[in-house]
Undergrad: 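Take a look at this one; I'll ask things after.
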Amino acid sequence: MRIGDLSARTGASVRMLRYYEEQGLLAPVRTDSGYRIYQESDVDRVARIRCMLSAALPSGVVGEALKFLLDGRAVIPDEPADRARLADTLEGELDLLTEKIESLQHSRELLATIVSDVRGDVVGPGRPGDPGCAVRRSVRKAGPAIGPVR
DNA sequence: CTTCTGACA
DNA sequence: TGTCAGGA
């Protein structure tokens with residue numbers, strides 16, 4: 001089938017399908033005129049790709065997992081050794097994701113205090129020990145509140 | 001009409 | 001990721 005059909009059957013845009021190919025996740029054959037031709041198994045393959053990408057896995061890792069996907073079979077490697085290795089890299093991604101989440105939570109808390117400071121019309125330098133982002137409203141009488149110091 | 005590559009108000 | 005161009 002051509003790219004338009006695969007797109008319709010997977011929900012992935014034509015643009016994305018070409019992108020997956022660039023990432024080495026799909027390898028359709030080409031007609032003499034250059035049109036990409038996909039196999040039935042690619043419908044399932046694209047579903048797996050989208051699933052793993054939604055799980056925040058880097059395309060490189062998705063490619064690794066897909067190496068074990070041979071024509072509609074499970075992504076789980078047959079060889080116990082391969083399975084263990086894949087599980088390890090996947091778990092590594094899980095840890096990376098956890099780190100990002102924690103970093104974002106820190107950012108969220110900082111932003112929350114900045115918001116409350118703005119709403120509370122905080123004046124002067126920040127309190128000792130604060131993030132240093134406290135808003136300083138100038139002593140000037142004119143002009144609305146000043147944004148965070150750059 | 002569909003797809004292709006390259007590029008970005 | 002969308003979308004437009006200019007061709008096939």
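Keep in mind the model is a prediction, meaning the values are calculated, not measured. The sequence lines fix the lettering, A, B, ..., with proteins before strands; numbering per chain opens at 1. Worth knowing before you read on, the calculation uses all heavy atoms, side chains too, and leaves out hydrogens, waters and symmetry mates.
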Undergrad: Whether A/Glu21 and A/Arg15 form a salt bridge (side-chain N of Lys/Arg under 4.0 Å from carboxylate O of Asp/Glu) is what I want to check.
TA: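 No, this pair does not count.
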
Undergrad: Decide whether A/Tyr35 and A/Val43 are clustered together by the hydrophobic rule: side chain heavy atoms of Ile, Leu, Val, Met, Phe, Trp, Tyr closer than 4.5 Å, transitively.
TA: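 No, separate clusters.
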
Undergrad: Please walk me through it: do A/Arg50 and A/Leu53 pass side-chain contact (heavy atoms from CB on, under 4.5 Å)?
TA: CA-CA 5 Å; A/Arg50 298 187 81 193; A/Leu53 253 28; 5.7 Å; no

Undergrad: Stems in DNA chain C: runs of 3 or more consecutive Watson-Crick or G-U pairs, distances under 3.5 Å?
TA: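 DNA chain C forms these stems: B:4-8 with C:2-6.
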
Undergrad: Could you walk me through whether A/Asp5 and A/Arg9 satisfy the salt bridge (charged side-chain N to carboxylate O under 4.0 Å, His left out) test, starting with their C-alpha distance in whole Å, then the side-chain angles of each, then the deciding distance to 0.1 Å, before giving a yes or no?
TA: CA-CA 6 Å; A/Asp5 303 322; A/Arg9 295 178 57 179; over 6 Å; no

Undergrad: According to a 4.5 Å side-chain heavy-atom criterion applied to Ile, Leu, Val, Met, Phe, Trp and Tyr, with indirect links allowed, do A/Tyr19 and A/Val46 form part of one hydrophobic cluster?
TA: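 Per the 4.5 Å side-chain linkage, A/Tyr19 and A/Val46 are co-clustered.
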
Undergrad: What nitrogen or oxygen pairs link the protein and nucleotides 7-9 of chain B at under 3.5 Å?
TA:
none

Undergrad: Can you build the contact string for nucleotides 1-6 of chain B? Use B for base contact, S for sugar-phosphate-only contact, and - for no protein heavy atom under 4.0 Å.
TA: -BSBB-

Undergrad: Is there a side-chain contact (heavy atoms from CB on, under 4.5 Å) between A/Arg85 and A/Glu64 once you walk through the steps?
TA: CA-CA 10 Å; A/Arg85 187 175 60 68; A/Glu64 287 300 302; 4.2 Å; yes

Undergrad: Ignoring hydrogens and geometry, is there a side-chain-to-backbone donor-acceptor pair from A/Asp95 to A/Gly92 under 3.5 Å?
TA: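 No, A/Asp95 side chain to A/Gly92 backbone: no donor-acceptor pair under 3.5 Å.
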
Undergrad: Please step through side-chain contact (heavy atoms from CB on, under 4.5 Å) for the pair A/Leu26 and A/Ile49, ending with a clear verdict.
TA: CA-CA 9 Å; A/Leu26 288 175; A/Ile49 290 173; 4.0 Å; yes

Undergrad: Tell me, with the steps shown, if A/Arg36 and A/Arg18 meet side-chain contact (heavy atoms from CB on, under 4.5 Å).
TA: CA-CA 9 Å; A/Arg36 272 166 269 247; A/Arg18 293 185 182 131; 3.4 Å; yes

Undergrad: Given a cutoff of under 4.5 Å between side-chain heavy atoms of I, L, V, M, F, W and Y, with clusters grown through shared members, what are the other residues clustered with A/Leu97?
TA: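 ILVMFWY cluster around A/Leu97 also holds A/Ile101.
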
Undergrad: What are the bounds, 5' to 3', of the part of DNA chain C that sits under 4.0 Å from heavy atoms of chain A?
TA: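 Using the under 4.0 Å cut-off, the span is C/dT1 to C/dA8.
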
Undergrad: If we ignore hydrogens and angles and just use 3.5 Å, is the side chain of A/Ser7 paired with the main-chain N or O of A/Ala12 as donor and acceptor?
TA: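 Present.
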
Undergrad: Who else is in A/Val29's hydrophobic cluster (ILVMFWY, side-chain heavy atoms under 4.5 Å, direct or via others)?
TA: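 Answer for A/Val29: A/Ile37.
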
